[in-house]
**Student:** 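Below is a structure I'd like to ask you about.
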Number of protein chains: 2
Amino acid sequence: MQLDKLHYAILNELQSDARSSNAAIGRKIGLTAPAVAERIKKLQEAGIIKGFSAVVDYSKLEYIHNVLIAVKLQPNMIASFLKETEKIEGIVKMIHTTGEYCFFLHLFLKSVEELTVLLDRFGKFGDTITYSILSVPIDYKPIHF
Amino acid sequence: MQLDKLHYAILNELQSDARSSNAAIGRKIGLTAPAVAERIKKLQEAGIIKGFSAVVDYSKLEYIHNVLIAVKLQPNMIASFLKETEKIEGIVKMIHTTGEYCFFLHLFLKSVEELTVLLDRFGKFGDTITYSILSVPIDYKPIHF
DNA sequence: GGTGAAAGCATCTGGTG
DNA sequence: CACCAGATGCTTTCACC
C-alpha cells in the first residue's frame, strides 16, 4: 500500500483520538468525511491500523499489581508456551526476543496470590525472573509521522 | 469512583472498539446514548480511561527495526534519563522496575544507524543490553472485566 | 438516568477529473 | 481510482423531566 501525507495525517489524528469523527479529521486535513472513511477502511484492510482501543489505567481498577516477567524457555517449548499464555488474563504485552531471556511479559494482577499461581504455571516451561514495576513512564505512546 | 457492571461493560466495548458509537454501546448494555456519553466522560475525568488510540502496526510502515533495551542506570540518573527518553521518538513503552536492569524500553526504529546513535546516547546513563525482537505475540491486549 | 428537538455525522449513490 | 456533492437515516448534544 502506497501512503501519502494525508494517510499519515489520518494516522496521527487517530492515534491521538480514535473517537474523533471522520468529518472532524477531514476538516483538519482538507478532505470530506467519505474520503476519510474510505482511507481509514483501506488502512485497516492493509493491517496498518490493527484496531481502535480505549487506553485504560488498570492500576486504578482492581489490577493493583504490575509486574514484568522474563522467561528463559527450555528448547522446543515456544509453541506450548504461546498456547499457555493465550489463556492468561492480564498480559498486556509479550515480547519474543533473541538472547538469553527470550520472552518478556508485562502483566497486571489482582493479587500476589495470582503471581504465585502464574509462576508455578510458567515453571514447566523454563526459568523466570520477576521484576516489580515501580512505574511505566511511557505507555501506549504513539509514533507521530 | 464507584464502578458498577455497566461501567465495566462500557470499558470492555471501548477496549474492543473505541470508535463504537455511544448509541451502539447503549443498545448492547441497556442504556440510552446520553447515559453512555455521561459515563464515558466520568471515566475519563477519573483517569480510568486515559485516551482512545488507533493501534498501528509500525513494522508495516517505515519502522522496520523493533528492539527491547534493558538499561542498568548509574545512581542518581533516573531524572535525567527520564528527561532524555522523553525526547526520543519510537519508544512505545518504557517500564521502570526493581532489580538489576531497572528500565526496559520497547522501541521501533527506522534503521540500524538509529540504534547506534541511541545506544551512544544511553551510554552516559549506564549499561544497556539490546535484544532483537523476533515477534510480539501479545500487544495492546485489553483486559476484559 | 430518560426524553425530545435541533444540529451534526456516517453512509450511500451518482457524478467528475 | 480517489474524491466530491447531495440525500437519508443515525447519532450527538442540550434542554428539561
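All values reported here derive from a predicted model rather than from experimental measurement. Chain identifiers are assigned alphabetically (A, B, ...) following the order of the sequence lines, protein sequences preceding nucleic acid strands; residue numbering begins at 1 within each chain.
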**Student:** Of the nucleotides C:dA10, C:dG2, D:dC3, which has the atom closest to the A:Ser21 side chain?
**Tutor:** C:dA10
**Student:** Would you say the side-chain atoms of B:Gln15 pair up with the backbone N or O of B:Ile143, donor to acceptor, closer than 3.5 Å?
**Tutor:** yes
**Student:** Base, sugar-phosphate, or nothing for B:Arg39, non-hydrogen atoms under 4.0 angstrom?
**Tutor:** sugar-phosphate
**Student:** In whole angstrom, give the distance that lies between atom CG of A:Asn22 and atom P of C:dT11.
**Tutor:** 7 Å
**Student:** Could A:Lys50 and B:Tyr140 be counted as a cation-pi pair, given that NZ or CZ must be under 6.0 Å from the ring centre and within 45° of the axis?
**Tutor:** no
**Student:** Could you state the atom-to-atom distance from CZ of A:Arg27 to C1' of C:dC9 in whole Å?
**Tutor:** 9 Å
**Student:** When the distance from NZ of B:Lys41 to P of D:dT12 is rounded to whole Å, what number comes out?
**Tutor:** 15 Å
**Student:** Give the nucleotide from the list D:dT12, C:dG1, C:dC9 with an atom nearest to the side chain of B:Leu31.
**Tutor:** C:dG1
**Student:** Walk me through whether A:Asp4 and A:Arg39 qualify under salt bridge (Lys or Arg N to Asp or Glu O under 4.0 Å).
**Tutor:** CA-CA 11 Å; A:Asp4 60 21; A:Arg39 279 166 175 264; 3.0 Å; yes
**Student:** Please check the phosphate of D:dA2 (OP1 and OP2 only) for any side-chain N or O of A:Lys42 closer than 4.0 Å.
**Tutor:** yes
**Student:** Side-chain N or O of B:Thr32 less than 4.0 angstrom from OP1 or OP2 on C:dG2?
**Tutor:** yes
**Student:** Could you give the NE2-to-C1' distance, from A:His7 to D:dC1, as a whole number of Å?
**Tutor:** 12 Å
**Student:** Compare the minimum distances between each of D:dT12, D:dC3, C:dG2 and the side chain of B:Ala35, then state the nucleotide with the smallest one.
**Tutor:** C:dG2
**Student:** Report the distance from atom CG of A:Leu6 to atom P of D:dA2, rounded to the nearest whole Å.
**Tutor:** 13 Å
**Student:** Side-chain N or O of B:Arg19 less than 4.0 angstrom from OP1 or OP2 on D:dT11?
**Tutor:** no
**Student:** A:Ile29 has an atom CD1; how far is it from atom C1' of D:dA2, in whole Å?
**Tutor:** 13 Å
**Student:** Please check if the number of heavy atoms outside A:Asn76 that lie under 6.0 Å from its CG is greater than 12.
**Tutor:** no
**Student:** For A:Ile25 and C:dG8, what is the distance between atoms CD1 and C1' respectively, to the nearest whole Å?
**Tutor:** 15 Å
**Student:** B:His65 vs B:Ser132, test: side chain to side chain donor-acceptor pair (under 3.5 Å). Steps then yes/no.
**Tutor:** CA-CA 8 Å; B:His65 291 91; B:Ser132 281; over 6 Å; no
**Student:** Of all the nucleotides listed (D:dC10, D:dT13, C:dT11), which has the minimum atom distance to the side chain of B:Pro34?
**Tutor:** D:dT13
